[in-house]
Each structure stands twice: as structure tokens, then as C-alpha cells.
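Order of listing sets the numbers, starting from 1, for every ligand and every atom in it.
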Amino acid sequence: MLLYFCNMLVLDGKLVSAAVKEDLKAETQKLISAGNRAPHLAAILVGSNGASETYVASKVKNCEEIGFISTLVRFEETIDEATLLAKIAELNQDPSVDGILVQLPLPKQIKEQKVIEAIDPSKDVDGFHPSSAGKLMQGLPSFIPATPYGIMMMLEFFKLETKGKHAVVIGRSNIVGRPMSILLSSNIPNGNCTVTICHSHTHNLKEICLQADILVAALGRPEFVKADMIKTGAVVIDVGITRVTDATAKKGFRIKGDVAYDEVAPLTSAITPVPGGVGLMTIAGLLKNTLQAYKTNNGI
Ligand code: GUN
């Protein structure tokens, strides 16, 4: 059921991710019934960062829900780079593993880029390897980073018009902002936007945001986007998931998006809630990539 408030559509990630997962589960069952093994995701978690623990636990749980195998590899915060790289090399060689992800961020002693580049591109279900990023940039088939992939699925599900629209992306990370800007500007379904990418050095950010038909907030600053930055009728995609300390909350924190939802939502034609929006779609993107890796690597 689609939820509207005063002509504003709530872009419900639960609804879309459930539909994607239903399809993936059916396809997985079919593959297994035909005598194939289940797709297998290996996730590596270093340390015990609360948010990373939650994300990885959710990735593993979602794998199980749709019939994938998952392996969680845990390391202490203090492990050295060589140990982590050796584990990645082992998983690269393991034919029973289809997809590998290393949850970011990593502790200071480990160079993230080195780890990203150590993953076999054919198992790079996060789409962070330069080979995947390069293919995405050139419009070649590749693993799309899970969050932008999930957002594209959301635009498709709700049939939101993108062609010719001005999309403003706040944030230029390799995980979200940069791949998002490439996808939205590509000549693909749910693309063909004119894209402006903004960052910490952007002048007149508010004026640029006011020109956005589609605004993607991916800067990681709670409630940064306010009502006075929104063009009436814009589509607003909130990628932020920040834990903000709150003694009145059961867990001692609340999850806040990058958008001040209560003041922004009434101005929009459609908006993602936090939680319950883009976060769930990130998992859907990862699961789709894992099935893709499984099929490609097993000649299916
Ligand atoms: N940290 C924040 N987002 C992500 C993601 O999509 N994948 C991984 N591996 N780490 C992250």
C-alpha cells in the first residue's frame, strides 16, 4: 500500500525491499530446486563499532531470509593489515564464496583502499573496487554500490520521473555520492538527469538545493537539509543514518537522517523516511549484487 500525506508520497523502503527480497527468494529457491548450491556472501567485520555491528548483522539476517548462505568473519579492532589481506585472499580463492564485503570504516592501522583493491573484482558485491567503479563510469555492466543501487530501485518502484530533471547530490563519497551522480546522469532507466554534485567546498549550497527537482542528501550530518533549501514538489532522498545520543531513547541514541524530515516533508512530492527508507534498500542492493556474482561466477 502506498502512503500519501497531503499529496506527499512516503518512499517506503520496507515496501520496496520486501518486493525485491521476495523476487530474490523465489529465484534462489528455483536455482536450488534445479540442483545448484545457494548463493554465498562472506562479510568481514573488524572491531565492534556499534553501527557496523548492526549493519553487518542485518546483512547476514537478510541473506538467511532469502535462502542465501552467509559467513561472518570477525576480527579484533587491533588486527594488522596483513592478516585481513590474507583472509581476503583465502575468500577470493574459495569457490564456495560468491561475494565478499568488508564493512567500512576500518581501524586506522589498515589502509581501506588496499583492502578494497584486494577483493577479487568478480566477488566485489559492494562495487567499491576501482575496476567496478571504472566500469560503472563507462556504462559497462558492473556491481553498483549497494546504496545508489537501492535508490535506483526505489525510483523505479515508485515510477518517479527522472529524465531531464535537475538532481542535486550532496556528498561525493565513493560509497554513495559519486556513484549516485553517475547513475542519475547515465542514459539508463531512472537516469538522464542533469546532475550537480555538491560537497564541503560548494558555494551557495542552499541556492543550488533550491533548484533541485531531486535532492539526494548523503553527507552524514544529521538534519542538515532544512525546509528553506527545498523547492516545492521536489523528491527528497535521505541517505543519512547517524546515531545521535538521546538519553530518553531506549538504546541511548536515535537514528537521524541528513534531512530535517518534519519541516521538509510537507514541501516535497516524495521523501524517504529515516529509518525505513534508503537503509533497507542498501541491503536489497547488496543481495542483488550477490546473486549476480553467483550467477556470473557459476556460469548461470
Ligand atoms: N559502510 C557504510 N556503508 C557501507 C557499505 O555499503 N558497504 C560496506 N562494506 N561498508 C559500508
Would you tabulate the polar-atom pairs, meaning N/O of ligand 1 against N/O of the protein, with distances under 3.5 Å, reported to 0.1 Å?
from, atom 1, to, atom 2, distance (Å)
ligand 1, 1 (N), Gln103, NE2, 3.3
ligand 1, 1 (N), Leu104, O, 3.0
ligand 1, 7 (N), Asp126, OD1, 3.1
ligand 1, 7 (N), Asp126, OD2, 3.4
ligand 1, 9 (N), Val102, O, 2.8
ligand 1, 9 (N), Asp126, OD2, 2.6
ligand 1, 10 (N), Gln103, NE2, 3.4
ligand 1, 10 (N), Leu104, N, 3.0

With the threshold set at 4.0 Å, does a side-chain nitrogen-carboxylate oxygen contact exist between [X] and [Y]?
X      : Y      : answer
Lys226 : Glu263 : no
Glu77  : Lys108 : no
Glu90  : Lys87  : yes

*Each residue besides Leu72 in its hydrophobic cluster should be listed here, by chain and number; the cluster joins Ile, Leu, Val, Met, Phe, Trp and Tyr at side-chain heavy-atom distances under 4.5 Å.*
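ILVMFWY cluster around Leu72 also holds Leu45, Val56, Val60.
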
*Going by side-chain heavy atoms closer than 4.5 Å, which hydrophobic residues are tied to Ile69, directly or by a chain of links?*
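Members alongside Ile69: none; it stands by itself.
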
*Could you pull out all residues at least two apart from Ile300 that satisfy side-chain contact (heavy atoms from CB on, under 4.5 Å)?*
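side-chain contact (heavy atoms from CB on, under 4.5 Å) list for Ile300, sorted by chain: Leu31, Asn36, Tyr294, Lys295, Asn298.
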
